[in-house]
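Worksheet for the structure shown next.
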Amino acid sequence: MKYALHGCNTQHSNILSDIALAGRTGYDGIELHTSKFQRMLTLPHSDELWALTKVKEALAQTKLEVSCIDIIPNLEASTVRERDMLYSTAEKWIQIAIHIGAPCIQLNAFNKLDALSVQDNIRIISQNIRQILTILSHYNMRFQYEGAAWTPLYSLGHLRKLCDAVGDSRFGIVLDFWHLFAGQSRDAEAQCSPSDLKTLSKEMIFSVHCSDGKRNDAIVPGQPWDEVRLRDYLIGDGDIPLNEWKEALIAMGFDGWIVGEFLGYTLWEQDHHYIATEMLARAKKIFG
């Protein structure tokens, strides 16, 4: 296994500090967050080339790999204008990924298609993914999709069907423990267990977000989830059966990126060095 620091874990930091922190605390790589990257790319008295050069230099100095750039949102775009914006955004981040040597970009869809069926969500989202993949014709890169627990596509079954609909080996999923666990509170279809991983091939799983937390057992239809409160837990401090997921992943032969992740009001206010060190130690205790 290889271990990457997730940019979400240092929410109030910046890209260069994240890279330096990951290097100091013993990670193999880093998952770069687009919100921080975008802030650096649009500084008023510099340009994109300056930002990209700084990031590339920092990665070289720390000898870190980029596990993924996270995220390109709005994969549920359904109008001509929305799709044009999505494809333009994807092309921009593909060029950035190529420049810094990032081999993968994460894709997410959220709630614009809530009123539609799972089948229609898969049809629209897979169409957008296939179109984005055409931009990659000459590049050795991949895209991973995360099924957020509070969106229409969130279960292992949904993710498998989406992979089948896209039908391209350059597209796969990031397996996020919290999203799979939290999604179980929604309906019977989502009642998956680690043993259900056997319905996927290991080639579909590009990385793992090793996350912990609580489940939203008091869902009010139409009301947003307080995801940051539910995920305000270090690995091992929540309710997720992490060892069971680990055993299922090892049984299927997965040996890729493990990325510890949380979203947390209290954890974000703690010392970044402590958080990064603790998340890595706990992930290695499970997977190492």
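Keep in mind the model is a prediction, meaning the values are calculated, not measured.
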**W245 reachable from F287 in the ILVMFWY side-chain graph, under 4.5 Å edges** = yes

**Prompt:** Do L180 and F110 belong to the same hydrophobic cluster, where Ile, Leu, Val, Met, Phe, Trp and Tyr are linked whenever their side-chain heavy atoms lie under 4.5 Å apart, directly or via other members?
**Reply:** yes

**Message:** Check this for me: N140, atom CG, are more than 12 non-hydrogen atoms of other residues, nucleotides or ligands nearer than 6.0 Å?
**Reply:** no

**Request:** Check whether more than 12 heavy atoms from other residues, nucleotides or ligands sit under 6.0 Å from atom NZ of K112, and answer yes or no.
**Result:** yes

**Asked** Under 3.5 Å, side chain of K198 to main-chain N/O of S195, donor-acceptor pair present?
**Response** yes

**Request:** Check the pair Q106, F206 against side chain to side chain contact (heavy atoms under 4.5 Å, CB included), reporting the backbone distance first and the verdict last.
**Result:** CA-CA 10 Å; Q106 183 168 310; F206 289 178; over 6 Å; no

**Over all atoms of both residues, closest heavy-atom pair of S67 and P103** = O-CG, 4.3 Å

**Message:** Let me check something: do L116 and L153 share a hydrophobic cluster, defined by ILVMFWY side-chain heavy atoms less than 4.5 Å apart, either directly or through other members?
**Reply:** no

**Request:** Write down the atom of S13, the atom of H272, and the distance for their closest heavy-atom approach.
**Result:** CB-CE1, 3.7 Å

**Item:** Test applied, side chain to side chain contact (heavy atoms under 4.5 Å, CB included); reference residue, F262; option that passes from D212, I275, V228, D237
**Value:** I275

**Check: I96 and V55 side chains under 4.5 Å, non-hydrogen atoms** = no

**Prompt:** Can any side-chain N or O of W268 pair as donor or acceptor with the backbone N or O of C8 at less than 3.5 Å?
**Reply:** yes

**Request:** Just say parallel, tilted or perpendicular for the rings of H6 and H33, cut-offs at 30° and 60°.
**Result:** tilted

**Asked** Does the side chain to side chain donor-acceptor pair (under 3.5 Å) test come out yes or no for S17 and N14, once each step is laid out?
**Response** CA-CA 5 Å; S17 295; N14 60 61; 3.0 Å; yes

**Request:** For residues L200 and I173, determine if any side-chain heavy atom of one lies less than 4.5 Å from a side-chain heavy atom of the other.
**Result:** yes

**Request:** May I have the step-by-step check of side chain to side chain contact (heavy atoms under 4.5 Å, CB included) for I19 and E57, ending in yes or no?
**Result:** CA-CA 10 Å; I19 294 171; E57 289 173 350; over 6 Å; no

**Item:** Heavy-atom side-chain contact between F254 and L175 under 4.5 Å
**Value:** no

**Asked** Is a side-chain donor or acceptor of K161 paired with a backbone partner of V118 at a separation under 3.5 angstrom?
**Response** no

**Item:** Main-chain N/O of A276 paired with Y27 side-chain donor or acceptor, under 3.5 Å
**Value:** yes

**Item:** Any donor-acceptor N/O pair, S88 side chain to D84 backbone, under 3.5 Å
**Value:** no

**Item:** Pairwise side-chain contact, L32 with I100, heavy-atom cut-off 4.5 Å (strictly under)
**Value:** yes

**Request:** Please round to the nearest 0.5 Å and tell me the distance separating atom CG of L242 and atom OG of S211.
**Result:** 8.0 Å

**Item:** Which residues share a ring-ring contact (aromatic ring centres under 6.0 Å, His included) with F37, sequence neighbours left out
**Value:** W93

**Item:** Spatial distance of atom CD1 (I235) from atom CG (L280) [nearest 0.5 Å]
**Value:** 8.5 Å

**Request:** Mark yes or no for whether D239, through its side chain, and K214, through its backbone, hold a donor-acceptor pair below 3.5 Å.
**Result:** no

**Request:** Check whether any side-chain N or O of H179 sits under 3.5 Å from a backbone N or O of A149 as a donor-acceptor pair, and report yes or no.
**Result:** yes

**Derivation of the side chain to side chain contact (heavy atoms under 4.5 Å, CB included) call for N74 and E82** = CA-CA 8 Å; N74 302 322; E82 288 174 341; over 6 Å; no

**Request:** Kindly give the heavy-atom pair with the smallest separation between L75 and I132, and that separation in Å.
**Result:** CD1-CD1, 3.9 Å

**Asked** Do I72 and L86 have side-chain heavy atoms sitting under 4.5 Å apart?
**Response** yes

**Item:** Between CD on residue E278 and CG on residue L267, distance to nearest 0.5 Å
**Value:** 10.5 Å

**Message:** Would you say that more than 12 heavy atoms from the other residues, nucleotides or ligands in this model lie under 6.0 Å from the NZ of K285, or not?
**Reply:** no

**Item:** Neighbour count above 12 (heavy atom, 6.0 Å) for Q270 CD
**Value:** yes

**Item:** Distance (rounded to the nearest 0.5 Å) between L197 CG and M204 CE
**Value:** 11.5 Å

**Request:** Determine, step by step, whether F143 and V166 satisfy the side chain to side chain contact (heavy atoms under 4.5 Å, CB included) criterion, reporting the C-alpha distance in whole Å, the side-chain angles of both residues, the deciding distance to 0.1 Å, and the verdict.
**Result:** CA-CA 11 Å; F143 289 104; V166 173; over 6 Å; no

**Asked** Taking atom CE of M252 as the centre, does the number of heavy atoms from other residues, nucleotides or ligands within less than 6.0 Å exceed 12?
**Response** yes

**Message:** Quick check: closest heavy atoms across T10 and D18, and the distance to 0.1 Å?
**Reply:** OG1-OD1, 2.6 Å

**Asked** Distance-only, no hydrogens or angles: does the E76 side chain make a donor-acceptor pair with backbone N or O of I124 under 3.5 Å?
**Response** no

**Item:** Any donor-acceptor N/O pair, N108 side chain to A148 backbone, under 3.5 Å
**Value:** no

**Request:** Answer with yes or no whether the hydrophobic clustering places I69 together with I71; edges join I, L, V, M, F, W, Y residues whose side-chain heavy atoms lie under 4.5 Å apart.
**Result:** yes

**Asked** With a 4.5 Å limit on heavy-atom distance, are the side chains of I135 and Q95 in contact?
**Response** no

**Request:** Give, for atom CD1 of I15 and atom CE of M40, the distance between the pair rounded to the nearest 0.5 Å.
**Result:** 7.5 Å

**Asked** Does the pair R123/D120 count as a salt bridge with the N-to-O cut at 4.0 Å?
**Response** yes

**Request:** Heavy atoms only: give me the nearest C68-Q144 pair and the separation to one decimal.
**Result:** SG-NE2, 3.5 Å

**Asked** Do F181 and D176 have side-chain heavy atoms sitting under 4.5 Å apart?
**Response** no

**Heavy-atom closest contact (A165 atom, I122 atom, distance)** = CB-CG2, 3.8 Å

**Spacing of SG belonging to C210 relative to CD1 belonging to I286, to within rounding of 0.5 Å** = 4.5 Å

**Prompt:** Mind checking whether Q127 and Q131 have side chains closer than 4.5 Å, heavy atoms only?
**Reply:** no

**Asked** Does the cation-pi check pass for R229 over Y265, that is, NZ or CZ under 6.0 Å from the six-membered ring centre and within 45° of its axis?
**Response** no

**Prompt:** Applying the 4.5 Å side-chain criterion to the ILVMFWY set and letting contacts propagate, would L249 and V174 be lumped into a single cluster?
**Reply:** no

